[in-house]
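Starting from 1, each residue takes its place in the sequence as its number. Quick note: numbers below take in every heavy atom, side chains included, and nothing from hydrogens, waters or symmetry partners.
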Amino acid sequence: MEKNFLVIGGGGREHAIADKLSRSKYCKKLWIAPGNPGTLGFAQNLSINITHPDEVVVTCLEHDIDIVVVGPEAPLMEGVADELKRNGIAVIGPTRDGALLEGSKVFAKTFMQKYRIPTASYHFFDRTTIQEAKAYLKEAKYPLVLKASGLAAGKGVVTCESYHFAKSILEQMLNGTLVGEAGETVVIEEFLNGWELSMFILTDGQNYLLLPEAKDYKRIGEGNTGPNTGGMGSVSPVLLLTPELKQTIIQKVIEPTLSGLKKEKIDYQGFIFFGLMIVQNEPYVLEYNVRMGDPETQSVFTRITSDVGEMFISVAEKRLNQYILSVTSQTAVTVVSVSEGYPGSYEKEKAIYLPKSTPKDIFIYHAGTKIKENQLISNGGRVLNVTALGDNLADAIHKAYKFNENIVFSNKYYRKDIGQDLLVLENL
Ligand code: AMP
Ligand code: GLY
């Protein structure tokens with residue numbers, strides 16, 4: 001029953017998933033590609049090109065890997081899952097047809113409309129309809145949102161307050177200067193005003209598990225100001241999610257999505273991340289992702305107490321209905337430390353000093369780090385995640401920040417307000 005696992009990716013999300021897998025009694029051996037210095041202690045890091053399906057398959061055959069867990073979306077869009085399946089290797093992550101839920105906003109919006117899944121109203125335009133697009137923008141109500149249809153690494157969504165700004169963004173998207181080919185088709189969307197929530201499921205194609213929800217903090221600045229980043233922090237659970245709202249989300253969003261996939265004959269094994277806007281207690285899908293979120297995973301997976309290896313095996317064997325997910329009632333808070341200047345330009349290769357010991361309710365997940373001459377140094381914008389488990393939100397916030405003070409590198413920046421908004425709202 002024990003299996004060999006490969007995790008694909010090397011950020012905090014993959015570190016958190018691999019950490020749980022390494023503790024599984026069903027995990028014979030664990031590889032991670034590329035991994036990071038933090039995963040060296042419990043997995044074997046592999047330096048391969050993870051967006052080359054053939055290279056991933058050859059690696060799996062070489063190491064006798066049974067199950068591959070794909071962290072990021074890019075390998076999925078490149079067909080890594082298709083190639084693994086063709087070679088009889090189980091994979092947690094959809095084939096290309098399913099990955100379009102994230103890889104093409106045109107596909108996702110059309111899918112949502114077809115299966116009556118609530119989402120912001122929208123129109124598509126491309127280079128051949130640019131005049132219609134401008135006419136539409138002239139008459140539209142502001143703010144509104146322009147989205148590049150393709151994968152744009154977080155840079156493809158722009159909220160516009162005025163016609164002039166929207167027109168300029170539209171032109172830059174359609175002529176390829178803003179996000180390259182991803183902007184060939186643009187979605188113009190109604191602006192939704194509410195609060196955001198990340199919900200996650202894992203499905204084997206027949207059954208699904210609802211994973212803990214989370215809230216992430218995307219902007220660089222405190223009070224959700226400044227440019228978007230890969231994610232500056234996360235919290236799980238989100239107490240604003242009442243049992244009634246959760247039921248509404250299951251009925252109006254999750255189940256229609258799964259039955260839509262079946263009707264489209266997309267055999268989907270993997271995670272689905274529903275990026276939701278809650279407007280007057282009703283959920284709207286802002287986006288689908290075909291993977292877990294980063295840094296939501298760091299909070300969500302840290303809370304899972306059941307065996308994650310068994311969970312993935314249950315997906316591979318299409319018997320997820322037999323798996324019982326257990327989650328601690330404790331709250332997890334993740335604070336991401338970045339290099340000053342990120343998401344713009346920043347300096348790398350700063351020496352990082354970590355405390356000698358880590359309490360049992362604290363987890364350090366690496367993101368942009370590497371080892372050079374026996375010294376841990378920074379190697380990216382997002383450098384390290386600190387996740388703390390606490391008895392409640394206030395306790396978890398306190399622990400995460402207190403421990404974070406002990407992590408030292410010279411151009412370190414982090415938001416000081418992760419979870420503060422929820423603390424206020426939950427006490428109302
Ligand atoms: P997306 O990649 O589509 O989730 O968009 C990135 C971020 O832009 C979301 O997390 C929201 O904060 C914001 N956003 C996207 N679509 C809308 C919308 N229709 N109304 C308001 N905010 C939006
Ligand atoms: N935290 C948002 C994302 O992973 O896309």
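Ile266 CD1 to Asp97 CG: the interatomic distance, rounded to the nearest 0.5 Å, is 5.0 Å. Atom OG1 in Thr257 sits 11.5 Å away from atom NZ in Lys262 (nearest 0.5 Å). One finds the OG1 atom of Thr59 at 12.0 Å from the NE2 atom of His52 (value rounded to the nearest 0.5 Å). Interatomic distance, CD1 of Ile32 versus CG of Leu6, reported as 8.0 Å (0.5 Å rounding). If you take CG on Asn224 and CE on Met232, they are separated by 11.0 Å, rounding to the nearest 0.5 Å. Considering CD1 of Ile272 and CG of Leu261, their distance stands at 5.0 Å, rounded to 0.5 Å.
Residues Thr369 and Asn379 bring no donor and acceptor atom of their side chains to less than 3.5 Å of each other. Judged purely by distance below 3.5 Å, without hydrogens or angles, the side chains of Glu190 and Ser121 pair a donor atom with an acceptor atom. A side-chain donor-acceptor contact under 3.5 Å links Ser236 and Arg303. Counting only N and O atoms by type, the side chains of Asn289 and Glu73 include no donor and acceptor under 3.5 Å apart. There is a side-chain donor-acceptor pair under 3.5 Å between Thr39 and Asn45. Side-chain atoms of Glu296 and Ser198 form a donor-acceptor pair, as typed in the model, at a separation below 3.5 Å. Inspection of the Tyr365 and Thr302 side chains reveals an N or O donor paired with an N or O acceptor under 3.5 Å. In summary, the side chains of Gln269 and Asp204 do not present any donor paired with an acceptor at a separation below 3.5 Å, with no hydrogens or angles considered. If you check the side chains of Thr185 and Ser149, you find no donor sitting under 3.5 Å from an acceptor.
Under a 4.0 Å N-O distance rule, the pair Glu264/Lys114 qualifies as a salt bridge. Classification of Asp267 and Lys318 as a salt-bridged pair holds, one side-chain N sitting under 4.0 Å from a carboxylate O. Between Lys402 and Glu405 no salt bridge is recorded (no basic side-chain N to carboxylate O distance below 4.0 Å).
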List the steps, then state whether salt bridge (charged side-chain N to carboxylate O under 4.0 Å, His left out) holds for Arg23 with Asp19. CA-CA 7 Å; Arg23 298 163 199 258; Asp19 181 283; 2.7 Å; yes
*Begin from the C-alpha positions of Asp417 and Tyr217 and carry the test side-chain hydrogen bond (donor to acceptor under 3.5 Å, both in side chains) through to its verdict.*
CA-CA 9 Å; Asp417 65 341; Tyr217 294 81; over 6 Å; no
Exercise. Determine, stepwise, if the pair Lys215 / Glu196 fulfils salt bridge (charged side-chain N to carboxylate O under 4.0 Å, His left out).
Key: CA-CA 7 Å; Lys215 174 169 169 56; Glu196 281 185 69; over 6 Å; no
Yes or no on ring pair (Phe, Tyr, Trp, His ring centres under 6.0 Å) for Tyr401 and Phe403, after CA distance, side-chain angles and deciding distance?
CA-CA 5 Å; Tyr401 280 106; Phe403 187 80; over 10 Å; no
Applying salt bridge (charged side-chain N to carboxylate O under 4.0 Å, His left out), run through Lys372 and Glu349 and close with a yes or a no.
CA-CA 9 Å; Lys372 191 173 173 185; Glu349 308 223 331; 2.9 Å; yes
Candidate pair Arg382 and Asp294, rule salt bridge (charged side-chain N to carboxylate O under 4.0 Å, His left out), full reasoning: CA-CA 11 Å; Arg382 292 196 293 168; Asp294 186 332; 3.3 Å; yes
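By the 6.0 Å and 45° rule, Lys109 does not stack over the aromatic ring of Phe107. Relative to the six-membered ring of Tyr414, Lys416 meets both conditions, a distance below 6.0 Å and an angle of at most 45° to the axis.
Nearest approach of Val68 to Cys60, heavy atoms of both residues: CG2-SG, 3.6 Å. Heavy-atom minimum distance, Gly390 versus Asp395: CA-OD2, 3.3 Å.
Ring geometry, Tyr115 versus Phe111: the interplanar angle falls from 30° to 60°, so the pair is classed tilted. Relative orientation of the Phe312 and Phe301 rings is parallel, given thresholds of 30° and 60° on the angle between their planes.
Counting non-hydrogen atoms of neighbouring residues, nucleotides and ligands closer than 6.0 angstrom, the CD atom of Glu347 reaches no more than 12 such neighbours. Counting non-hydrogen atoms of neighbouring residues, nucleotides and ligands closer than 6.0 angstrom, the CD atom of Glu2 exceeds 12 such neighbours. For Lys246, the NZ atom is loosely surrounded, since the number of other residues' heavy atoms within 6.0 Å does not exceed 12. Few gaps surround CD on Gln375; more than 12 heavy atoms of other groups in view lie less than 6.0 Å from it.
Between Tyr288 and Phe274, the ring centre distance stays below 6.0 Å. When ring centroids are compared, Phe271 and Phe273 stay outside the 6.0 Å threshold.
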